[in-house]
Q: 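Following this message is one structure expressed as structure tokens.
Because the structure is predicted, anything quoted here is derived from the model rather than measured.
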Amino acid sequence: MTYVDTSDLSAQMFITVLLLLIIAPLVSLGVLRLFQSRKKSGFMLIISGVVVYTIFQVIMSFTQA
């Protein structure tokens, strides 16, 4: 068994990947729900993705200052 050395991975990169794993599925699932004519559920998922992205941008602006 081999282990991956994550000591060179910055905290910003880790948070970016983690949030992209949340944002992308929310938006794509929202689009799928819109195609299934489930508008309320679809818009809520897309709005959730946008909110998570906004929170991500706020956090990143504080870490770069």
Side-chain angles (χ1 to χ4, degrees):
M1 175 185 265
T2 61
Y3 293 99
V4 177
D5 182 24
T6 58
S7 62
D8 293 333
L9 186 65
S10 68
Q12 289 178 344
M13 179 59 105
F14 179 76
I15 292 170
T16 302
V17 170
L18 199 70
L19 287 176
L20 286 177
L21 289 174
I22 296 170
I23 296 168
L26 282 174
V27 173
S28 64
L29 191 58
V31 171
L32 176 67
R33 295 291 164 101
L34 287 175
F35 279 117
Q36 293 174 343
S37 297
R38 298 170 73 184
K39 292 186 190 321
K40 183 178 178 183
S41 175
F43 284 124
M44 289 304 293
L45 286 166
I46 292 172
I47 290 170
S48 298
V50 171
V51 168
V52 170
Y53 178 74
T54 305
I55 291 170
F56 169 67
Q57 290 297 324
V58 168
I59 291 171
M60 293 312 276
S61 70
F62 285 132
T63 59
Q64 291 178 0

Q: Got a donor-acceptor contact below 3.5 angstrom from the Ser61 side chain to the Val58 backbone?
A: yes
Q: Could you go step by step and tell me if Phe56 and Ile22 meet the side-chain contact (heavy atoms from CB on, under 4.5 Å) rule?
A: CA-CA 11 Å; Phe56 169 67; Ile22 296 170; over 6 Å; no
Q: Please check if the number of heavy atoms outside Tyr53 that lie under 6.0 Å from its OH is greater than 12.
A: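 Atom OH in Tyr53 is not packed in, count stays at 12 or less.
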Q: Just how far is it from atom OG of Ser48 to atom CD1 of Ile23, taken to the nearest 0.5 Å?
A: 11.5 Å
Q: Could you check if a side-chain atom of Val27 sits within less than 4.5 angstrom of a side-chain atom of Leu45, using non-hydrogen atoms only?
A: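 Val27 vs Leu45: side chains apart.
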Q: Quick one: pull up CG in Leu21 and CG in Leu26 and give me the separation to the nearest 0.5 Å.
A: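 Answer rounded to 0.5 Å: 11.0 Å.
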Q: Starting at CG of Leu29, measure out to OG of Ser41 and round the result to the nearest 0.5 Å.
A: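 Leu29 CG to Ser41 OG: 7.0 Å, rounded to 0.5 Å.
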Q: Hey, are the side chains of Leu32 and Gln36 touching, using non-hydrogen atoms and a 4.5 Å cut-off?
A: yes
Q: Do you know the tightest heavy-atom contact between Pro25 and Leu20?
A: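 Residues Pro25 and Leu20, closest heavy atoms: CD-O, 3.8 Å.
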